[in-house]
Number of protein chains: 2
Amino acid sequence: MHKEHTLTKNQQIIFDLIDKSPEPMKAYAILFSVQKKGIKAPLQVYRALDKLVEIGKIHKIESRNAFIACHNSSCQVSKATAFSICEICEKITEISSASLSKYLANFKDKDGMKYSKYNLEFFGLCKKCR
Amino acid sequence: MHKEHTLTKNQQIIFDLIDKSPEPMKAYAILFSVQKKGIKAPLQVYRALDKLVEIGKIHKIESRNAFIACHNSSCQVSKATAFSICEICEKITEISSASLSKYLANFKDKDGMKYSKYNLEFFGLCKKCR
DNA sequence: TTTAAATTGTTATAATATAACACCATGTAA
DNA sequence: TTACATGGTGTTATATTATAACAATTTAAA
């Protein structure tokens with residue numbers, strides 16, 4: 001489970017927005033949406049995003065510069081992320097597969113090195129777009 | 001194997017630079033380095049980078065916005081990439097593991113969906129930094 | 001309660017990436 | 001040989017993503 005964190009006002013506003021969004025949100029789209037709530041500057045958004053990522057409430061989709069709420073209750077979740085991305089409609093889903101996360105968590109490279117964290121992005125066409 | 005492509009002048013200049021670099025290069029570092037060869041604008045760099053990525057000669061490290069030459073001779077390589085990233089010294093290495101690529105190439109999600117492409121980034125500490 | 005750590009608000013700016021347009025080179029089909 | 005499609009080039013301008021620096025305030029722990 002996530003360690004419980006009490007979110008600050010800005011963090012809560014931004015988390016709620018991302019959590020309700022049906023799709024990942026970009027930083028400046030977030031900024032635009034929360035301006036009426038008094039969050040006026042990019043830095044306020046980025047600081048909240050950084051913290052939310054750090055505590056595992058949201059994830060960043062690196063290839064899209066977008067943020068999505070974590071809907072995975074596994075405890076490793078902020079350090080072990082996997083997503084599927086549709087290259088046509090840009091639908092993005094967090095993958096939660098026990099076998100995948102087990103495989104990757106135990107992966108060792110040629111030098112026997114293990115890693116503390118990973119991010120995996122799969123690309124393809126979703127059901128609708130196929 | 002990669003399909004053979006004859007690189008254009010700009011593509012060749014930029015590929016050579018990345019290929020010789022001991023570490024991934026960022027677009028504007030590339031731009032700076034090639035200005036004496038007549039490549040003056042960001043777009044010239046980005047266009048060459050896009051093409052080089054497309055044909056699999058280089059890969060983009062999404063979490064770092066940086067580009068690295070492909071040193072993997074496997075044919076799936078431009079669609080199936082894995083990297084290890086040291087979070088201290090930022091040393092980045094392309095992982096070539098037959099079992100990993102086999103596992104991921106065959107991965108199916110809950111709906112039985114297979115993906116045509118993936119990018120995996122592992123984070124940890126390299127030998128030196130441990 | 002005082003002190004350290006985290007968060008906030010703000011302005012400015014850095015870093016990354018694309019739009020739009022005119023032009024040029026090359027291959028190929030009529 | 002012409003025409004025309006495709007892809008690359010050069011250019012200016014601009015959009016998008018992200019951080020630096022600093023002062024003030026809030027929060028939580030000792």
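If you take CD1 of I13(B) and P of dG8(D), they are 15 Å apart, rounded to a whole angstrom. Per the geometry, NZ belonging to K60(A) stands 11 Å off C1' belonging to dT16(C), to the nearest Å. Residue E54(A) contributes atom CD, which lies 11 Å from atom C1' of dA6(C) at whole-angstrom precision. Rounded to an integer number of Å, the gap from Q12(A) CD to dT8(C) P is 12 Å. Separating the CG atom of L43(B) from the P atom of dC23(C) is a distance of 18 Å, rounded to the nearest angstrom. Separating the CZ atom of R64(A) from the P atom of dA17(C) is a distance of 13 Å, rounded to the nearest angstrom. One interatomic measurement links the two molecules: CD1 of I30(B) to C1' of dA15(C), which rounds to 14 Å at whole-angstrom precision. Summarising the geometry, the separation between CD1 on I14(A) and C1' on dT7(C) is reported as 12 Å, rounded to the nearest angstrom.
When side chains are defined from C-beta on, F123(B) counts as touching S63(B), because their heavy atoms get closer than 4.5 Å. Side-chain contact between N10(A) and R47(A): absent, with no pair of heavy atoms (C-beta onward) separated by less than 4.5 Å. The side-chain heavy atoms of E94(B) and H59(B), taken from C-beta on, include a pair separated by under 4.5 Å.
In terms of phosphate contacts, Q44(B) brings no side-chain nitrogen or oxygen within less than 4.0 Å of OP1 or OP2 of dT9(D). Contact check, T8(A) against dT26(D): no side-chain N or O comes under 4.0 Å of OP1 or OP2. One finds a side-chain N or O of N10(B) lying less than 4.0 angstrom from the OP1 or OP2 phosphate oxygen of dG10(D). Checking the phosphate oxygens (OP1, OP2) of dT16(D), no side-chain nitrogen or oxygen of K26(A) falls inside 4.0 Å. Note on N65(B): every side-chain N or O is 4.0 Å or more away from OP1 and OP2 of dA15(C). Regarding contacts with the backbone of dT11(D), a side-chain N or O of K40(B) is found under 4.0 angstrom from either OP1 or OP2.
Ring geometry for F122(A) versus Y118(B): interplanar angle over 60°, hence perpendicular rather than tilted (30 to 60°).
Checked against dA17(C), dG10(D), dA18(D), the side chain of Y46(B) finds its nearest nucleotide in dA17(C).
dT17(D) has Y28(A) stacked on its base ring, the centres lying under 5.5 angstrom apart and the planes within 30 degrees of parallel.
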Worksheet item: Is there a side chain to side chain donor-acceptor pair (under 3.5 Å) between E121(A) and N119(A) once you walk through the steps?
Response: CA-CA 7 Å; E121(A) 299 180 7; N119(A) 179 61; 3.0 Å; yes

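No donor-acceptor contact under 3.5 Å links the side chain of R47(B) to the base of dG7(D).
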